[in-house]
Amino acid sequence: MICFDRVGKRYPPGGAALSELSFEVSEGQLVVVSGHSGAGKSTLLKLIAAIEKPSSGTILVGGQNIGSLSRSALPYLRRRIGIVFQDQKLLFDRNVFENVMLPLSIAGFPQRDAAQRVRAALDKVGLARREKALPIMLSGGEQQRLAIARAVVSRPSLLLADEPTAHLDRETATDVARIFSEFNHVGVTVLVATYAYELFPATQHLRLDHGRLLQ
Amino acid sequence: MRIWIAHHSDAAWHALRKLAVAPINSLLYLLAIGVTLALPAVGQMLLTNAARLTESTPPAPQISIFMASRADSKATKDVSERLRKHVGVKSHQFLSREETLSRMKGNPDLRDVIDALSSNPFPDAFVVAAADDSHLAMEKLADEFRKWPNVEHVQLDSLWVRRLDALLNLVRTSVILLGVLLGGGLVAISFSIIRMQILTHRAEIEVSQLLGATDGYIRRPFLYYGVLLGLSGGCVAWLLVGAVTLWLRTPLGELAHLYDLVFSLQTLNPRDSALLLGLSASLGWLGAMVSLQQQLGQFR
Ligand SMILES: Nc1ncnc2c1ncn2[C@@H]1O[C@H](COP(=O)(O)OP(=O)(O)O)[C@@H](O)[C@H]1O
Ligand SMILES: [Mg+2]
């Protein structure tokens with residue numbers, strides 16, 4: 001499903017954020033990416049979603065070479081990947097329902113089916129009763145679950161999450177981790193960047209240290 | 001196709017809502033665009049009216065030759081003969097001083113004045129149509145007539161029509177120039193309004209791109225907004241032209257009456273109205289497009 005071959009990433013003018021990174025993730029895995037702050041976890045996820053371009057090496061996602069993707073093909077790749085961003089990127093002037101609706105309207109999903117899907121996604125993360133609430137009115141754990149609902153509403157086969165349990169207390173973090181493993185159980189490939197790797201029943205563990213993979 | 005329609009109606013609806021959400025701002029935008037467009041539109045309105053006015057006056061240029069008052073009938077006959085033989089003269093008509101006098105007496109405003117005079121003040125006259133009625137040829141012809149004996153005065157009758165024509169040409173060019181300049185102004189207004197809109201929707205644009213929005217999806221609501229701004233501004237301009245027309249109609253009608261003309265100022269005709277609205281919508285779109293091109297390049 002995902003294949004990195006000697007991938008390097010350098011942010012000008014700084015040093016290398018990732019170097020000589022090679023690994024494979026097959027379908028249906030729950031992968032934990034761990035490492036100290038600045039190790040390159042976020043960069044790794046951004047490369048998969050083509051938010052950043054690799055400086056060297058090749059990345060295949062679903063058989064597609066990300067490096068040679070045209071600008072016009074990019075949106076269609078992104079629609080097949082669900083992403084929970086480190087800073088969540090919720091729209092604070094839209095309510096919970098509208099935030100989760102966004103990926104579906106972008107993909108041009110028929111209105112009626114879309115509403116049903118939004119409700120199903122909110123139900124799954126336990127936010128069914130907060131549809132009308134604005135993100136600002138939600139707790140940290142609820143905001144995180146809202147971000148997850150938006151990431152999964154278009155039922156992607158690949159789900160990326162960047163430190164989804166940061167800033168959450170132990171109990172809430174366990175709760176959020178359980179949601180990811182539930183999605184993984186129904187066949188979604190999940191990559192989670194996190195310090196709290198013990199919370200996730202990982203099938204694969206990528207340890208990063210200063211942009212390099214530890215074996 | 002259904003997706004496409006849904007996206008477009010969504011974007012159009014969004015644009016309308018944006019105008020309605022900030023009514024004071026929107027009103028000021030529309031006023032700015034409306035006034036900008038109204039200037040060349042009023043110019044065009046005045047032009048078409050002036051063109052109507054010149055069409056209703058006889059355009060055939062003529063030369064009038066007035067004989068000296070001392071000229072006797074032999075001298076007059078002499079001139080008539082010269083005119084008949086002249087190759088540059090297409091036709092000529094003799095107006096005797098008696099004829100002119102009785103015609104002038106037909107005007108009630110002048111009758112009293114004329115009656116007060118002891119003798120007929122009018123000279124014998126010829127009205128000449130030239131074979132070549134270009135301005136230069138007629139000037140030359142008139143100069144020639146001036147040298148003839150017993151000719152007191154030669155006048156190019158249509159000179160004012162030509163002057164008016166030249167004036168109208170000048171105004172027409174100015175209206176086009178004004179249109180181009182202020183059309184550019186409209187593009188600039190639309191550009192900066194859309195720029196502000198893009199900046200206030202930064203987060204939304206960024207998130208949408210990350211979630212797989214195409215450039216078209218991102219652009220659409222802003223383009224609709226630009227078109228809507230231009231179009232509504234065009235409507236405001238159209239209304240302004242209508243108001244100016246109504247306002248000027250009475251005083252201009254009175255002025256025209258003094259010159260024995262029946263004239264009622266008309267507002268923009270359907271063709272010019274369509275042109276105004278079409279152009280304003282396109283220019284609004286253009287401003288939005290340029291703004292998007294410039295702003296969206298910075299994302300991603
Ligand atoms: N946009 C950027 N511009 C420059 N340097 C960056 C950028 N993003 C990340 N980096 C650098 O790349 C390295 C890896 O960052 P990141 O992938 O965010 O690490 P992590 O998510 O593991 O904390 C860090 O040294 C960071 O400073
Ligand atoms: Mg990070």
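Throughout, a chain's letter reflects where its sequence line sits, starting with A, and its residues are numbered from 1. Computation of the quantities below employed the complete heavy-atom set of this structure, encompassing side-chain atoms and omitting hydrogens, waters and symmetry-equivalent molecules.
- Considering all non-hydrogen atoms of both residues, B:A213 and A:P75 come closest at O-CG, 3.7 Å.
- When the shell of 6.0 Å around CD of A:E131 is examined, it contains more than 12 heavy atoms from other residues, nucleotides or ligands.
- Considering all non-hydrogen atoms of both residues, B:T214 and A:R79 come closest at CG2-NH2, 3.6 Å.
- With a 4.5 Å cut-off on non-hydrogen atoms, A:F85 touches chain B through its side chain but not through its backbone.
- More than 12 heavy atoms of other residues, nucleotides or ligands lie within 6.0 Å of CZ in B:R172, so this atom counts as buried by the packing criterion.
- No more than 12 heavy atoms of other residues, nucleotides or ligands shown are found within 6.0 angstrom of NE2 on A:H167.
- Residues B:L210 and A:I83 have side chains not in contact (no heavy-atom distance under 4.5 Å, counting atoms from C-beta outward).
- In this structure, A:E24 places its CD atom where only 12 or fewer heavy-atom neighbours from other residues, nucleotides or ligands lie under 6.0 Å away.
- Neither the backbone nor the side chain of A:R80 comes within contact range of chain B; no heavy atom of the residue lies under 4.5 Å from a heavy atom of that chain.
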Just distance, no hydrogens or angles: give the donor-acceptor pairs under 3.5 Å from side chains in residues 145-159 of chain A, sequence neighbours left out.
residue: A:R145; atom: NH1; partner: A:V125; partner atom: O; Å: 3.1
residue: A:R150; atom: NH1; partner: A:K89; partner atom: O; Å: 2.7
residue: A:R150; atom: NH2; partner: A:Q88; partner atom: O; Å: 3.0
residue: A:R150; atom: NH2; partner: A:K89; partner atom: O; Å: 3.3

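- For CZ of A:R6, the number of neighbouring non-hydrogen atoms (other residues, nucleotides, ligands) closer than 6.0 Å is 12 at most.
- Using a 4.5 Å cut-off on side-chain heavy atoms (C-beta onward), A:I51 and B:Q209 make no contact.
- Identified by a heavy-atom distance below 4.5 Å to chain B, the contributing residues of residues 95-105 of chain A are A:L102, A:P103, A:S105, in residue-number order.
- Within 6.0 Å of atom CZ in B:R249, more than 12 heavy atoms from other residues, nucleotides or ligands are found, so the atom counts as buried in its surroundings.
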